[in-house]
Amino acid sequence: MSVDAWDEFMTFAAKFAQTVDLDAEEYDYKLVLAKRLEETRSAYAAGDPNWFTRLHKDLVSANLMDQYFMMRLVALGKASPDDLRRAIDVLWTDAVNVKDLDAFADTLRLFSPEKFTPGGLTMFASVLLLCRDPFSFPPYRARAVKNFLKLVGWSDRGANGTPSERYQLLLDALDEMLRLAPGHGIVLRNRLDAQGLLWTVMNVDPDEQWASNESAALRKWRGDKVPDPEEVAERGFGPRPAVEAAARLIIDAGLKGESSPFWSEGCSWTVENASELIKRIDEDFDGGNNDSFMVKVKRQLAGAPVGVFVLAAEFMALHMLPLSNVRGETKLSKIEDLLQWSGSDAKIPEQIRAGLLSEGAFNGGIGFNVKTWRHFCWLARFVLEVRKRTSSEIEGALTSPEDFGALTESVPDDQLGIKYSLEYLAWPSYFEPITSRSHRPRIQQAFAADIGGTSGKSDRDISYDLSRIREAQERVVGGQTVDWYLEPYLSRWTKGGVTGQRAWLVRQNQGGIAMLDAWVDGQFVSTRAQHLGSPKPGASFDEVQSAVNAGYQHIDYSERKARAQEYFRFLSQMKPDDFVVTATEGQLFLGVISGEAEYVDDETSRLRRPVDWQPTGISSEDLPAPLPRLLEEQGSVVDLTDALSIITPWYSSDLDLPAELEDSAPQPQPVVVPRLREATVELARKLYVERDDLQEIVRLLQTRQQIVFYGPPGTGKTFLAGKIARFLAGEEHGDHVKTVQFHPSYAYEDFFEGYRPAKTEGGNVGFVLEPGPLRRIAAEAAADGNRDKPYFLIIDEMNRGNLAKIFGELYFLLEYREQSINLQYNSEQTFVLPPNLFIIGTMNTSDRSIAMVDAAIRRRFAFVELHPQDGMIAGMLGRYLEGNNKPPLRADLLEVLNAEIEDTNRDLMIRPPDVAVA
């Protein structure tokens, strides 16, 4: 142990203990969290199905967890709560043992070893242990603890070890603080107290009660990397200081006309360099092949002056620095490539390297990455605007965020994502890291009451209001970072969260006019809408339908309904960053929607959305399901979201996605029947049937997906159907099995969907379309993200109903599972039976002869006979008696009796007693 290092730390700790109310800032809220977690643990132990929702709220309430770890944890909790529960059991069920952290971590890392890091897992485990004993098991935060251990000379004791070693080392350090505290005049009650003081020393800035030399000594000891005090006072930093400081080196040098941080030989922000970059990337656009951006830009910049390469490297840094969804190594690699291609000695300075390796400020997603070349062009035009300005105007941009905003608004190019990003990087204390054009006004409107109303609707007004809103929220949470994409903020400006990415087909042949060339050249997608009027983007379906009814009275009502659906999708359901696809002559052209819907004065394409189209198409031959079915659906605007996992990887090469985005992007998943588990000897023993017979049933289900058990009454058809279905679904998924019984009055409206009486808003009785059991379980199966989990619908007494009347148009889907069909009561929608839905029917041969069953049904189902003398249940009574050590006499008598009946009426044979099948 370094005595001097510990003494220095304790000296600073003593000063903070005098100047900070540690109970108010650290101690009390952790005890409140511990109490909440204790209540959640009790609910968890009692089997409360909402335990994860409660846990999530508890964790969000205290802000002790890293927000990106929280995002991954929430994803796991929603997708696989049982898996998460197995890990939490390790810490919440038995007596506390710090070594159990390793088993806890190993369980969670099975699901995502790259995303659940040892530090993050230790942090999560420590928070869970708060409810066991907050005074003995305080929270752990990897970065603060590692920095502290390094400063006091304990980093060689296991700071980078297993989770249990990391946490035990923290506990040992806290015990050392408790030992040393009295000698420095510090009163510490327990480990929780010590942890709060440690956290304060490592993270909190000294206030005015500190002398300037004391403050400087603390910052030097901690290794704080901050600009000089005057710069901090003027511009400050936001949520990601390392990223912002790195970007500031590039931006400030460029604005002032100084040498590039990458290259000491001269300024890269010149009119000549910017003009040359625009000429090579935009005017000499490389639209050939589907090469990545880096491959194309290497071709485009070949032979350019060194300054152009350096400028391109700076632009790549400004583009990638704030991105949280790209690894630092990937960012470095791209910039190093550009500098290497220059043939000069240009290199990345350490501060910029540190920023690139630090955590980013926002997730750019595919929508941001697809515009890299456009972002380069916008930044080059920004440089041209900068070089037009006087030195006093440049000074204004460096000292006033409003002046900097005016400078970015002067760029004659509508690439708002990079504009918002650059504003944030230059003035992070004023501009928010929000690059979505649609999210900014929604946040402004949602929090307007916090600042007494909005200032206006312009970009400048919105930026000003967002800055004031953030300041107001920071005062509420005591200076903690405000992240608009996490709770408690997210739900205030979204209704249930941000809508996920979707994909759309827009047919390019509209009204006999082929639109593809105009779309790709103009970078937009459109629909004619010449008589639509002007319902606003985001309008409700009823508003769009009213506009269609008013403008399209000359067409049939059914066509008006279809047009309304088309325009509603285009106006209100499409969102920026959604994929768009169009088909032509054996090819598919791909794009990403980059803005909101707008009306223009063009009768062939009046309603438009901006799109970043890929310059070349891909073959539409041999596409994996369900894409061929979706491309054949009716309408000019078709929802392709079911094929999102197929479409996403098509963009990877052109977008030059980093490896981690390519790895995490959903891969094409052909629509296949999930693999059913094999029948077990144990299941056969419980059912008193042969294991091979059970496996044959599984095989039929695997290959046909629809089977019927038929036979005399009482032969266990329904019983076996239920047992087999629940076995195949898994004990933990009992809700994946549903049963319905047919009878003579049963109809399509009962089975699939039909209108039911219901009370309307005015209190009157009306009719609403209600789903039946088949539609409900099909929806559940289709919505299940795990396509390997089967669902089962058991149809009992199937032949007692009028099958043609009950199934209706669904006959088609029973034979052609991969296709869709328009519905009787919902003609604007199509329906498909999901591949993970299996149907097991039962038929009683004494009620109605199987020979009389509709031939269409016989062709679509595999029929399996359950008969006392033949097949799977033959000899069941004998197996039951043998398994229970009873004499076989009764089984022998049953065999003889049924042998006498056989010639008379086979369907009247006597079944085994109930004891054998129940």
Does [X] reach the main-chain N or O of [Y] with its side chain, forming a donor-acceptor pair under 3.5 Å?
{"X": "S324", "Y": "F362", "value": "yes"}
{"X": "W92", "Y": "L128", "value": "yes"}
{"X": "S215", "Y": "A211", "value": "no"}
{"X": "T11", "Y": "D7", "value": "yes"}
{"X": "T117", "Y": "G120", "value": "yes"}
{"X": "K30", "Y": "L130", "value": "no"}
{"X": "E26", "Y": "D23", "value": "no"}
{"X": "T93", "Y": "V90", "value": "no"}
{"X": "R191", "Y": "S136", "value": "yes"}
{"X": "K99", "Y": "S164", "value": "no"}

Item to check | Derivation of the side-chain contact (heavy atoms from CB on, under 4.5 Å) call for R36 and K57 | outcome: CA-CA 9 Å; R36 290 186 58 163; K57 290 179 179 179; 3.9 Å; yes
Rounded to the nearest 0.5 Å, how far apart are [atom1] of [X] and [atom2] of [Y]?
{"X": "E214", "Y": "T19", "atom1": "CD", "atom2": "OG1", "result": "9.5 Å"}
{"X": "Q444", "Y": "T454", "atom1": "CD", "atom2": "OG1", "result": "5.0 Å"}
{"X": "L76", "Y": "L84", "atom1": "CG", "atom2": "CG", "result": "5.0 Å"}
{"X": "W51", "Y": "D58", "atom1": "CH2", "atom2": "CG", "result": "11.5 Å"}
{"X": "F431", "Y": "Y420", "atom1": "CZ", "atom2": "OH", "result": "10.5 Å"}
{"X": "T435", "Y": "L422", "atom1": "OG1", "atom2": "CG", "result": "12.5 Å"}

Next on the checklist: My understanding is that only residues two or more places apart in sequence, or in another chain, count here; which of them pass ring pair (Phe, Tyr, Trp, His ring centres under 6.0 Å) with Y27?
Outcome noted: none
Carboxylate-amine/guanidinium contact [X] [Y], below 4.0 Å:
{"X": "E176", "Y": "R179", "value": "yes"}
{"X": "R492", "Y": "D450", "value": "yes"}
{"X": "R248", "Y": "D252", "value": "no"}

Compare every heavy atom of [Y] with every heavy atom of [X], then report the nearest pair and how far apart it is.
{"X": "G355", "Y": "L321", "result": "C-CD2, 3.6 Å"}
{"X": "P206", "Y": "R219", "result": "CD-NH2, 4.0 Å"}
{"X": "V243", "Y": "G360", "result": "CG2-CA, 4.5 Å"}
{"X": "P138", "Y": "Y167", "result": "O-OH, 2.8 Å"}
{"X": "E359", "Y": "R240", "result": "O-CD, 3.2 Å"}
{"X": "P433", "Y": "A361", "result": "CB-CB, 4.1 Å"}

Is the shortest side-chain heavy-atom distance between [X] and [Y] below 4.5 Å?
{"X": "Y430", "Y": "F404", "value": "no"}
{"X": "Q195", "Y": "M177", "value": "no"}
{"X": "V127", "Y": "L37", "value": "yes"}
{"X": "P239", "Y": "D483", "value": "no"}
{"X": "I352", "Y": "I250", "value": "yes"}
{"X": "I88", "Y": "T107", "value": "no"}
{"X": "F148", "Y": "L170", "value": "no"}
{"X": "D83", "Y": "L108", "value": "no"}

Checklist entry - Could you go step by step and tell me if F16 and W199 meet the ring pair (Phe, Tyr, Trp, His ring centres under 6.0 Å) rule? => result CA-CA 11 Å; F16 272 113; W199 205 293; over 10 Å; no
Next on the checklist: Please evaluate residues Y424 and E244 with respect to the criterion side chain to side chain donor-acceptor pair (under 3.5 Å), reporting the C-alpha separation (whole Å), side-chain torsions for both, the decisive distance (0.1 Å), and the verdict.
Outcome noted: CA-CA 8 Å; Y424 153 69; E244 297 147 12; 2.5 Å; yes
Checklist entry - Can the positive tip of R157 be found less than 6.0 Å from the middle of the six-membered ring of W154, inside 45° of the ring normal? => result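 Flagged: R157 positioned over aromatic ring of W154.
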Item to check | Row check, Y140 ring normal vs R166 NZ/CZ: under 6.0 Å, within 45° | outcome: no
Checklist entry - Going through the distances and angles, do D465 and R440 end up as a salt bridge (charged side-chain N to carboxylate O under 4.0 Å, His left out)? => result CA-CA 10 Å; D465 287 349; R440 287 163 52 86; over 6 Å; no
Next on the checklist: Less than 3.5 Å apart, any donor N or O on the side chain of Y44 or N50 sitting next to an acceptor on the other?
Outcome noted: no
Checklist entry - How would you list, by chain and number, every residue that makes a salt bridge (Lys or Arg N to Asp or Glu O under 4.0 Å) with D106, sequence neighbours excluded? => result none
Next on the checklist: Determine whether L332 and I348 satisfy the following criterion, side-chain contact (heavy atoms from CB on, under 4.5 Å), listing intermediate values before the conclusion.
Outcome noted: CA-CA 8 Å; L332 285 171; I348 304 173; 3.8 Å; yes
Next on the checklist: Is there a side-chain contact (heavy atoms from CB on, under 4.5 Å) between L101 and L91? Walk through the geometry before answering.
Outcome noted: CA-CA 8 Å; L101 267 68; L91 300 179; 4.1 Å; yes
Next on the checklist: Evaluate R222 against L218 for side-chain contact (heavy atoms from CB on, under 4.5 Å), listing each step before the verdict.
Outcome noted: CA-CA 6 Å; R222 289 194 311 202; L218 171 70; 4.1 Å; yes
Checklist entry - Should W493 and F447 be marked as a ring pair (Phe, Tyr, Trp, His ring centres under 6.0 Å) after you check the CA-CA gap, both sets of side-chain angles, and the distance that decides it? => result CA-CA 8 Å; W493 65 273; F447 292 87; 8.5 Å; no
Parallel under 30°, tilted from 30 to 60°, perpendicular over 60°: which one fits the rings of [X] and [Y]?
{"X": "W484", "Y": "Y489", "answer": "perpendicular"}
{"X": "F9", "Y": "W6", "answer": "perpendicular"}
{"X": "Y485", "Y": "H439", "answer": "tilted"}

Next on the checklist: Would you say that more than 12 heavy atoms from the other residues, nucleotides or ligands in this model lie under 6.0 Å from the OH of Y464, or not?
Outcome noted: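 Count not over threshold, so no.
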